[in-house]
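Please read the structure below before turning to the comments.
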Amino acid sequence: MNARFTSSSAAIELVGLTKRYAPGAKPAVDSINLRIASGSYCCLLGPSGCGKSTTLRMVAGHETVTEGDVLLENRNITDLPAAARGTAMMFQSFALFPHLSALDNVAFSLKMKGMAKDERLAQARSLLDRVAMGHLADRKPAELSGGQQQRVALARALITQPRVLLLDEPLSALDPFLRIQMRAELRRWQKELGLTFIHVTHSQEEAMALADTMVVMNHGVIEQSGSPHEVYNRPVNEFVARFMGGHNVIDTGAGKVGVRTDHIAVAPVAAGQEAGRAGPHAQWAVVSDVEYQGTYVLLGLQSPGLSHTAHSTAQWSVMLSESVFAAQPLKVGDVVRMSWLPEAEHPLAD
Ligand code: ADP
Ligand code: MG
């Protein structure tokens, strides 16, 4: 354990945390360092297989650690059993026992601990009251709506009085409408309870909606962590820019820069006009796709084959507000000049 970190007030701290599933194998999680502030909502985000669940399971104590440490409020919990850590886990689709009532689902882990029936039911009832589910305590999961099931699952996780709640893709099996409702509710409960949540998701939209801090992972390492605003507006490298979406990655010849799709202006040009130089922060292109999205229109554009291309980037996307587009509609095949302000460019590391 690294002495440098012992005075921190982070809820969870990962220090050089590594997981290899087989000796000599490529690590699934490769020496990651992360501090998660107490009382914050942290999302671990990244493509499938990048090591999110492995990281979460090592925090939970459901997976052994190959190297490094997990600290909870400065206590080294790396080698503690799951039940002794001060963490609790909420699983995909809530994983409630279908044959048990809401009350018995919530009381279940206390029963496993051998707590007397009256006492465990009283504790479970008080937690169900806390999540406004006391009046439905006797219902089975199938008799509850998705939102009510989520509250029961939350109460069940909270009964062990965890300091940190761990959630592995809790919303991914829900239909899109319910998913958005449920994520708003998770966020509300997290603030109300003042607990630290660590939520694994592969959806950047979900992470941006929920997180105080989002941690973007790829191939077992952390590519970037920061507020959703920081990560979206200043992706540090091409991977983060492409994974977050909403950016063009432009090869300037002297390195790569990112420019947001809504920071590019598009003006139609007469045939033949694209023979000249478009300018340093501009590019000729042909509209290849027009997608109406309601409040905005998403244009796909292509630049290869046009003369005087300042940039070797071939595929572009530009987001125009509906009113801007309506003032000057474009169609597939139109030739345009795209331009952006120099300050719209931000450098991307390799
Ligand atoms: P994510 O949750 O980001 O999709 P995982 O943490 O589940 O990713 O997996 C990370 C890597 O570790 C993947 O390459 C996966 O195949 C591998 N992996 C996960 N669990 C096991 C396991 N129990 N045994 C061997 N390899 C595993
Ligand atoms: Mg996973």
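One-based numbering, in listed order, for ligands and for the atoms of each.
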| task | Determine whether Leu166 and Phe108 fall in the same hydrophobic cluster, where Ile, Leu, Val, Met, Phe, Trp and Tyr are linked whenever their side-chain heavy atoms lie under 4.5 Å apart. | result | no

| Does Trp284 have its ring centroid less than 6.0 Å away from the ring centroid of Trp316? | no

| task | Determine, using ring centers only, whether His346 and His247 are less than 6.0 Å apart. | result | yes

| field | Arg183/Glu205 salt bridge by N-O under 4.0 Å criterion | value | yes

| Any salt bridge between Lys19 and Glu67, counting N to O under 4.0 Å? | no

| query | Which residues and atoms, protein N, O or S only, are under 2.8 Å from the Mg ion (ligand 2)? | reply | Ser53 OG

| query | Apart from Leu45 itself, what residues make up its hydrophobic cluster, given side-chain heavy atom links below 4.5 Å? | reply | Met208, Met214, Val216, Val231, Tyr232, Val236, Phe239, Val240, Phe243, Met244

| task | Indicate whether any N or O donor in one side chain lies under 3.5 Å from an N or O acceptor in the other, for Asn233 and Arg260. | result | yes

| query | Regarding Ser203 and Glu206, is there a side-chain donor-to-acceptor distance under 3.5 Å anywhere? | reply | no

| note | Contacts of Lys140 meeting side chain to side chain contact (heavy atoms under 4.5 Å, CB included) (sequence neighbours excluded), chain-then-number -> Glu143

For ligand 1, run through the N/O pairs with the protein that fall under 3.5 Å and put one pair on each line.
from, atom 1, to, atom 2, distance (Å)
ligand 1, 2 (O), Ser53, N, 2.9
ligand 1, 2 (O), Ser53, OG, 2.8
ligand 1, 3 (O), Cys50, N, 3.2
ligand 1, 3 (O), Gly51, N, 3.0
ligand 1, 3 (O), Lys52, N, 2.9
ligand 1, 3 (O), Lys52, NZ, 2.8
ligand 1, 4 (O), Gly49, N, 2.7
ligand 1, 6 (O), Thr54, N, 2.9
ligand 1, 6 (O), Thr54, OG1, 2.5
ligand 1, 8 (O), Gly51, N, 3.3
ligand 1, 20 (N), Tyr21, OH, 3.3

